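Heads up: the structure comes next, in structure tokens.
Here the structure is a predicted model, which is why all the values come from computation and not from measurement. The sequence lines fix the lettering, A, B, ..., with proteins before strands; numbering per chain opens at 1. Atoms considered below: every heavy atom in the structure, side chains included; atoms not considered: hydrogens, waters and symmetry mates.
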There are 2 protein chains.
Amino acid sequence: MDLHDDHARCKALGRVLDRIGDKWTVMVVGALSKGPVRFNALMRLIDGVSHRMLTLTLRGLEQDGLVKRTVYPTVPPKVEYQLTEVGRSLIEPLSALTLWAQTNLPAIEAARITNEDVESAETI
Amino acid sequence: MDLHDDHARCKALGRVLDRIGDKWTVMVVGALSKGPVRFNALMRLIDGVSHRMLTLTLRGLEQDGLVKRTVYPTVPPKVEYQLTEVGRSLIEPLSALTLWAQTNLPAIEAARITNEDVESAETI
DNA sequence: CAGCATCCCGGGAGATACTG
DNA sequence: CAGTATCTCCCGGGATGCTG
């Protein structure tokens, strides 16, 4: 397939990356890929996320119909998050990217460091 | 495949999204997927990108070894950009995501609008 | 336990103008 | 044609503290 071929394709991809390209969204999707998870459990699962950002990320995903929020009116309150059908369907393409990431990240980070060195050597 | 399974996978994916999740990178990769393209041609291909941001994006991709920069010492100068082997390998997983985007974007944007409406209705 | 409101900072990104 | 430099604005996102 050819990304350049169809401009509409790039646009669609752009929109999706605007959506999932933020700092936490994919982590949340990953954490929910097993099944429903409660709010605080998510916080523990996703290393480094703040209370606030987890809330915002979940709200966004919920609004876009990728995540379903279920409230159990108990005391204390219990809220579960789970992927919707659409949300689950995202796992597969994301997995392809993850595989690529695992394969190529070492080369990329090596290149980055090498070129940084070249750069600073030039500036001397 | 299961994203949650392996924490390292999520990390790798996170790094990659930090890299390609910005506003212009995927557009550039898409525009270069056909073959070498000159700087100004890229600007015309990628709608809305500024001179500056295109430069920065290309520098980033070059530094990470995803793009190769070739200068022809002519007058006026001619500079071509092309994907490296690693860069080209990114097209495939990106295509999977693009396909997903085309398929699911309508549903997502519909859900977004619906939920916006619900939201504002609740605030009345 | 879950979630919202407020404050605040750094960096992403546009506009513009200058150079080889 | 290709690239750099500066100035500026805006908002993503962290910290913190309050409610039901």
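For the pair A:K23 NZ and C:dG12 P, the computed distance is 11 Å after rounding to whole Å. As rounded to whole Å, 19 Å separates atom P of C:dC7 from atom NE2 of A:H51. The separation between B:L42 atom CG and D:dC1 atom C1' is 13 Å, rounded to whole Å. Across the protein-nucleic acid pair, A:M27 atom CE and D:dG13 atom C1' stand 15 Å apart, rounded to whole Å. In this structure, B:R59 places its CZ atom 14 Å from C1' of D:dA5, rounding to the nearest Å. Distance CE (A:M43) to C1' (C:dC1): 12 Å, rounded to an integer number of Å. One atom, CG of A:L58, and another, C1' of C:dC1, lie 14 Å apart when rounded to the nearest Å. The nearest whole Å value for the distance from the CG atom in B:L54 to the P atom in C:dA15 is 14 Å.
Residue A:M53 places its side chain closer to D:dG14 than to any other of D:dG14, C:dA2, D:dG3. Side chain of B:N40, nearest nucleotide from D:dG3, D:dA2, C:dA2: D:dA2. Among the nucleotides D:dC1, D:dG13, D:dG3, the one closest to any side-chain atom of A:D22 is D:dG13. Looking at the side chain of B:T55, the nearest of the listed nucleotides C:dA2, D:dC1, D:dG3 is D:dG3.
For B:E80, the side chain to side chain donor-acceptor pair (under 3.5 Å) partners two or more places apart in sequence, or in a different chain, are B:Y72.
Of the candidates B:L56, B:L54, B:I46, B:L58, B:W24 forms a side-chain contact (heavy atoms from CB on, under 4.5 Å) with just one, namely B:I46. The side-chain contact (heavy atoms from CB on, under 4.5 Å) test with B:W100 is passed by exactly one of B:T103, B:N104, B:T98: B:N104. If you run side-chain contact (heavy atoms from CB on, under 4.5 Å) between A:L61 and each of A:L32, A:V28, A:I20, only A:V28 comes through.
Using a 4.5 Å cut-off on side-chain heavy atoms (C-beta onward), A:Q82 and A:R69 make no contact.
A sub-4.0 Å separation between OP1 or OP2 of C:dT6 and a side-chain N or O of A:R52 is absent. Residue A:S50 places no side-chain N or O under 4.0 Å from the OP1 or OP2 atom of D:dG13. Look at B:Y81 and you'll find a side-chain N or O under 4.0 angstrom from OP1 or OP2 of D:dG3.
Comparing B:W24 and A:K78 against DNA chain C, the residue whose closest nucleotide sits nearer the 5' end is A:K78. Along DNA chain D, the nucleotide nearest to A:V49 and the one nearest to A:P77 differ in position, and the one closer to the 5' end is contacted by A:V49.
For residues 40-57 of chain A, no pair satisfies side chain to side chain donor-acceptor pair (under 3.5 Å), with sequence neighbours left out.
Between B:R112 and A:D64, the shortest heavy-atom contact is NE-OD1, 2.8 Å.
For the helix from C:dC1-D:dG20 to C:dG20-D:dC1, the axis fitted to the five pairs at one end and the axis fitted to the five pairs at the other end meet at an angle of 40° (nearest 10 degrees).
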